[in-house]
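To find a chain, count down the sequence lines: A is the first, B the second, and so on, and within it residues start at 1.
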There are 2 protein chains.
Amino acid sequence: MTRPVTSTDVARRAGVSQSAVSRAFSQGASIAPETRRKVLEAAAELNYRPNRIPAIMLSGRSRMVGVVVGGLSNPFYASTLECLATSLRAAGLQILLVHVDDALTLDSALDQLLSYRVDAVVTALAIGSQRAARMLSDLAIPVICFNSRLTGPWISTVVSNNHAAGLTAAQVFESCGVTRPAWLAGPVRNAASRARGHGFIAGVRANSARWPDGVLEMRGDDSYESGYDAIRRLLARGERPDGLFSSNDLMACGAMDALRQHGSLNCPDNVVMMGYDNIPQAGWHAYGLTSFDQQVDCLVDAATQLLDAALGPDGGPVSRTRVVDARLVTRRSTARLI
Amino acid sequence: MTRPVTSTDVARRAGVSQSAVSRAFSQGASIAPETRRKVLEAAAELNYRPNRIPAIMLSGRSRMVGVVVGGLSNPFYASTLECLATSLRAAGLQILLVHVDDALTLDSALDQLLSYRVDAVVTALAIGSQRAARMLSDLAIPVICFNSRLTGPWISTVVSNNHAAGLTAAQVFESCGVTRPAWLAGPVRNAASRARGHGFIAGVRANSARWPDGVLEMRGDDSYESGYDAIRRLLARGERPDGLFSSNDLMACGAMDALRQHGSLNCPDNVVMMGYDNIPQAGWHAYGLTSFDQQVDCLVDAATQLLDAALGPDGGPVSRTRVVDARLVTRRSTARLI
DNA sequence: TTGTAGGCGTTATCAT
DNA sequence: ATGATAACGCCTACAA
């Protein structure tokens, strides 16, 4: 294992002082063009790359951001991460990635991130526990949460307009002539899912003339399988909704497959269906699922802006919230005339 | 922005030397239990966390690994990343994540990783250019590639047994009574796809009595859409294969949807189909796609072992290859008796 | 414009 | 067992 080339090595080679090397690589430092040339030449010969680690010690800022993810098997989170990576890179920030299964690992994960002196933390976890919120606040560095209800001194959030989307779903169901609306919720701890459900149920209740029986409610865990199982059980009980709003697309795909498999029911003829996230599979021909697109680009843009602000010179324990409207993407699953 | 708590702060508070604080947090350092207790107490009161940055300077090892990903919208890569994150974390390594769109960004991405002094680089990109290989070798740190044919002094690879799987696919087609086999390749630069194709075509040629016309070949870009389009064009030309081996599951899903949509053909009655990767969607009821499971766990285990070895005391420019057999997962799409 | 010197927060080495 | 001290590689005053 050879020792990496240092600025001192380059200095020796170029016949200048170590500071000159530092200056040659710093934007807008006062250095003679000729000196810079010599330095860059020597650096190229030695294959030198400035080491950012000492700079972290001196400045106290690492330009690394801890990104905490979970459930990458949901294509929505995968594409969010992909988008975030691109955006942070453009902002000159590095990503220190941590994958978390449960709240327990979150604890030690945050510890590790802090010991690497990340400047901030971004998380898209569907965590809502008060304990998690306290842990994040205790970091005393900016935290950006996606679709979470967490609040605290250092915590900012970027959320999709979940409640409004729920209301919209009810309206779409009305225009499709749905008579028996159903709601497939995500896990209780998922704040975004709760908001979507509240919006949808409010929309249905507001139209009690049409829907006197209210909403048929089910619960899954945001996975394909849980959507499939929920519908299978529902059909086994003899229930027959003709409109289903699912808290996310994965469950909606499972639900649609269960309708076909266990009830020979198809969308939109027998059941009108809507999902959330607009994952690629929603657009696959086997599904053609109408869905709310969270506009990941906008969410991530907002997050990056919050981050930039929080990492700026006047960075303190701010706490802001940015709301991004979901965009309805209409497909076959709601293509039904009254 | 308050200055982070340092070991000196803790030392002052606990009434001991700074070295004592360092020892209290180091495994197996010689320190009196009473002293350690005092230190840990003071540390807890001040909410102190050891800073790993200086340790990086001293040891020259950051315990950070650069992970370069691309195409997270393919569920296979997403789950690989998820698995890798878990495995590296267990090995006490941090992930510095970089998302790369094209070979150009790879260049600067590697630069950044190096300036943060990552100990190694892991990549699952389907890159095969000689230029990329040179760039990776030039890093002069261990590089682990997934499913790549890249070679070089510092480069180790973990590959699925692609060629053998291709042969197996041909055998399965034989036992299903396929008369007109087709191969849907991925992009030319994808070495894994090429190996799968070679294996499959070899398997078909070896049985020229049964298949005198050989293999009908198509090409996609590994995306769902490209699989859909390839089959749509094929059907439009009047071709009618009755067995399709796709280089990956995403394209196979697209192909299956195109068969249904544009030819009213279904699997396995009209066409027997096999894919590769065993992504979750292959198991969805709408597809029921027989697929080769790359056994991500094993691939990642192998990668972590290679990494551990390369980061060990005798780490040099080694170059090893580990092959993991793909596991055939049989589903509806090949459930056809002769 | 250039070089010298001090310091960032740890760990490791050496006395005590 | 403990405290003082020297690194690690770079940036940044400050002096020349």
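At least one side-chain heavy atom of R322(A) sits less than 4.5 Å from a side-chain heavy atom of Q305(A).
Per the geometry, CD1 belonging to I56(B) stands 19 Å off P belonging to dC8(C), to the nearest Å. Rounded to an integer number of Å, the gap from R61(A) CZ to dG9(C) P is 14 Å.
Residues forming a side chain to side chain donor-acceptor pair (under 3.5 Å) with Q294(A) (at least two apart in sequence, or on another chain): N147(A), D277(A).
Under 4.0 angstrom from either OP1 or OP2 of dT2(D) there lies at least one side-chain N or O belonging to T35(B).
Counted by atom type alone, Q18(A) and S7(A) present one or more donor-acceptor pairs between their side chains at under 3.5 Å.
Sorted by first and then second residue, the side chain to side chain donor-acceptor pair (under 3.5 Å) pairs involving residues 20-31 of chain B (not counting sequence neighbours) form an empty list.
Between E34(B) and R37(B) there is a salt bridge, with a side-chain nitrogen of the basic residue lying less than 4.0 Å from a carboxylate oxygen of the acidic one.
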In B/S/- notation (B base, S sugar-phosphate only, - none; protein heavy atoms under 4.0 Å), nucleotides 8-16 of chain D written 5' to 3' is BBBBB----
